[in-house]
S.K.: 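I am attaching a structure below and will ask some questions about it afterwards.
All residue numbers in this chain count up from 1 along the given sequence. When a ligand or atom number is given, it counts from 1 through the structure's own listing order. As the structure is a computational prediction, the values presented were derived from the model and not from experiment.
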Amino acid sequence: MSEMNKETQLLVIGGGPGGYPAALHAADHGIKPILVDEGAKMGGVCTNRGCIPSKALLHLAKLINEAKEAEEWGVSFGLPKFDLAKMQAFVQHKVVGKLTGGIGMLCKGRGVEVISGTRATFIDANTVKLEGTTTGTIKFQNAIIATGSVPAMPTAFALGDPRIMDSTGALLLPDIPKRMLIIGGGYIGLEIGTVYAALGTKIVVVEFTDGLLATADRDLVKPLETRLRKNFEAIHLNTKVASLKPTNKGILATLEGKDVQGEEMFDRVLVSVGRRPNSANMNLDKAGVHVTDRGYIPVDMQRRTNVPHIFALGDVAEEPGLAHKATAEAKVAVETILGEPSAFEPRAIPAVVFTDPEIAWAGLTEREAAEKSIRFEKMSFPWAASGRATTLARNDGLTKLLIDPGTQRILGMGIVGIGAGEMIAEGVLAIEMGAVARDVADSIHPHPTLSETIMESAEMALGGATHVAKPKKVAK
Ligand code: NAD
């Protein structure tokens with residue numbers, strides 16, 4: 001343990017994808033920031049127990065599924081054998097450890113002073129108290145709060161039984177359960193369900209509302225739901241889990257829904273019903289920083305809180321809780337501290353669900369257009385007509401563009417299909433640059449790639465796509 005009392009121009013609280021890029025960006029521009037994180041390793045939830053370990057496991061799931069499917073095409077590998085300890089070592093050391101170590105080295109090499117294993121709480125609007133591996137105080141001219149979010153665990157499910165897990169527990173891959181209940185059919189439930197289903201677990205998803213992935217357009221969810229219903233034991237919509245009861249044989253769940261009623265036994269349960277902002281127990285009131293009833297810290301376009309020299313960004317500031325949104329906000333906050341004109345006003349924040357198939361969207365969605373009465377024309381290109389999708393035996397995809405009927409500007413893009421997450425950046429660029437359909441249609445896309453589906457969707461807006469007989473132009 002060490003004791004310190006320091007002063008800094010910029011204190012960053014939280015070393016996740018909002019905090020560490022903020023500290024690095026500041027250091028690159030002449031500020032000597034101090035970065036405090038209560039975790040032992042840099043990278044926050046995303047790198048340690050979120051985006052990164054889940055994607056490493058999803059990569060393994062993809063290999064397992066492809067190897068199984070290859071039998072149909074004349075290549076057999078036999079049944080997979082799982083070495084759980086080796087899989088855990090791959091995820092935790094080769095992937096997570098490598099990246100968190102890398103972030104630590106970047107900070108060291110670029111002049112960011114990192115204080116890890118230490119919690120910062122506000123004493124007043126210019127001072128925090130340190131508790132943990134390091135104790136003492138830091139006086140700051142500016143602060144950035146980037147403390148992220150934590151999994152929501154309703155009290156009815158918080159029974160202290162390790163078999164009832166949140167995403168953190170599930171990503172540690174404690175064992176391969178025979179049957180697992182997933183409460184919540186959102187990003188986390190479906191991604192982690194995909195991993196465990198590939199390992200052989202029977203997955204039952206219980207979703208409270210009438211559809212999976214509430215914020216995604218229904219035409220994108222449909223191909224995913226079709227495949228998930230084949231790979232999972234069951235998906236129960238409009239259903240709630242009335243209670244969970246730990247027993248010697250497993251966790252007894254009482255399900256109440258239209259197509260399922262009564263008690264069912266599971267080896268493990270994943271609770272993935274959302275996340276909540278990490279703003280509690282920081283004494284924000286002592287700094288005079290406002291917090292909403294739901295725990296979010298309200299911010300302006302520069303990511304300033306109501307206290308002008310204290311900024312907040314990432315999951316703790318406002319939705320959507322996505323790592324890349326936090327990183328983009330970090331630049332804006334630091335530019336503002338540097339006295340540069342800057343604002344966070346993206347036209348498109350991409351969203352990617354890393355299931356199989358993946359779903360990705362950017363800009364306007366049909367759901368949002370309906371809510372705000374925005375007129376658009378929809379161009380949908382089915383992957384049945386894609387040469388590349390056919391070579392991969394994955395025609396279960398769709399690429400769509402939402403276009404302004406007057407100006408032909410691209411307002412939104414949505415993709416469902418393998419690799420959708422890698423392709424959506426083209427939509428982000430088109431939307432941010434104010435591209436019209438012809439810009440995308442006339443940009444030569446390489447053949448044979450899935451990206452051609454974007455070009456052909458744009459061609460549809462001009463009256464005809466090469467591989468679609470009757471272009472469908474749906475005006476709304
Ligand atoms: P989510 O909001 O995506 O989904 C939660 C789901 O649980 C909703 O569909 C909701 O209707 C349902 N639900 C809520 N209470 C319920 C109950 N009692 N019984 C049954 N269903 C219930 O939340 P999540 O999946 O926990 O993920 C949290 C956040 O983390 C996401 O919103 C996203 O911002 C982020 N995330 C992003 C990625 C990614 O970018 N790929 C991956 C994982 C998580």
S.K.: With sequence neighbours left out, write down each residue that passes side chain to side chain contact (heavy atoms under 4.5 Å, CB included) with E318, or none if nothing qualifies.
M.R.: V299, R303, K325
S.K.: Atom 37 (C) of ligand 1: which protein heavy atom is closest, and how many Å away?
M.R.: Y187 CD2, 3.2 Å
S.K.: Between the side chains of T209 and E207, is a donor N or O closer than 3.5 angstrom to an acceptor N or O?
M.R.: yes
S.K.: Regarding atom 13 (N) of ligand 1: of the candidates V206, V273, L255, I182, which has the closest heavy atom?
M.R.: V273
S.K.: Go through ligand 1 atom by atom and flag the ones less than 4.0 Å from a non-hydrogen atom of T209.
M.R.: 11 (O)
S.K.: To which protein heavy atom is atom 19 (N) of ligand 1 closest, and what is the distance rounded to 0.1 Å?
M.R.: I183 CG2, 3.4 Å
S.K.: Of the choices L270, L58, I188, V353, which has the non-hydrogen atom that lies closest to atom 43 (C) of ligand 1?
M.R.: I188
S.K.: Can you tell me which residue and heavy atom of the protein come closest to atom 28 (C) of ligand 1, and the distance to 0.1 Å?
M.R.: R275 CG, 3.5 Å
S.K.: Counting only N and O atoms by type, is there a donor-acceptor contact under 3.5 Å from the side chain of D267 to the main-chain atoms of K178?
M.R.: yes
S.K.: Mind checking whether L322 contacts ligand 1 via backbone (N, CA, C, O), side chain (CB onward), both or neither, at a 4.0 Å heavy-atom cut-off?
M.R.: side chain
S.K.: Any non-hydrogen atom of P320 lying under 4.0 Å from ligand 1?
M.R.: no
S.K.: Out of I359, V352, L237, who gets a non-hydrogen atom closest to atom 40 (O) of ligand 1?
M.R.: V352
S.K.: Suppose we measure from atom 12 (C) of ligand 1 to each protein heavy atom; which comes out shortest, and what is that distance?
M.R.: E207 OE1, 3.2 Å
S.K.: For the backbone of L237 and the side chain of T239, can you confirm whether one donor and one acceptor N or O come within less than 3.5 Å of each other?
M.R.: yes
S.K.: Please list, in number order, the atoms of ligand 1 under 4.0 Å from a heavy atom of G186.
M.R.: 3 (O), 4 (O), 6 (C), 25 (O)
S.K.: Can you confirm whether the side chains of N395 and T390 place a donor and an acceptor under 3.5 Å from each other?
M.R.: yes
S.K.: Less than 3.5 Å apart, any donor N or O on the side chain of E335 or S342 sitting next to an acceptor on the other?
M.R.: yes
S.K.: Is ligand 1 less than 4.0 angstrom away from at least one heavy atom of K240?
M.R.: no
S.K.: Checking R227 against E69 for the salt bridge (charged side-chain N to carboxylate O under 4.0 Å, His left out) test, could you report, in this order, the C-alpha distance in whole Å, the side-chain angles of both residues, the deciding distance, and whether it holds?
M.R.: CA-CA 13 Å; R227 192 171 165 96; E69 283 163 14; 2.7 Å; yes
S.K.: May I ask you to identify the nearest protein heavy atom to atom 20 (C) of ligand 1, giving residue, atom name and distance to one decimal place in Å?
M.R.: F208 N, 3.4 Å
S.K.: List the atom pairs, donor and acceptor, that lie under 3.5 Å between side-chain atoms in residues 415-426 and the rest of the protein, sequence neighbours left out.
M.R.:
from, atom 1, to, atom 2, distance (Å)
E426, OE1, H445, NE2, 3.2
E426, OE2, H445, NE2, 2.6

S.K.: For atom 26 (O) of ligand 1, what's the nearest protein heavy atom and its distance?
M.R.: G274 N, 2.9 Å
S.K.: For A214, is the nearest heavy atom under 4.0 Å from an atom of ligand 1?
M.R.: no
S.K.: Starting from atom 7 (O) of ligand 1, which protein heavy atom do you reach first, and at what distance in Å?
M.R.: G184 CA, 3.3 Å
S.K.: Using a strict cut-off of less than 4.0 Å between a Lys/Arg side-chain nitrogen and an Asp/Glu carboxylate oxygen, indicate whether K400 and E366 qualify as a salt bridge.
M.R.: yes
S.K.: Please report which non-hydrogen protein atom sits nearest to atom 34 (O) of ligand 1, along with the residue it belongs to and the distance in Å to one decimal place.
M.R.: G321 O, 2.9 Å
S.K.: Does the side chain of V289 come within less than 4.5 Å of N306's, by heavy atoms?
M.R.: yes
S.K.: Under a 4.0 Å N-O cut-off, is there an ion pair linking D356 with R394?
M.R.: yes
S.K.: For F354, is at least one N or O under 3.5 Å away from an N or O on ligand 1?
M.R.: no
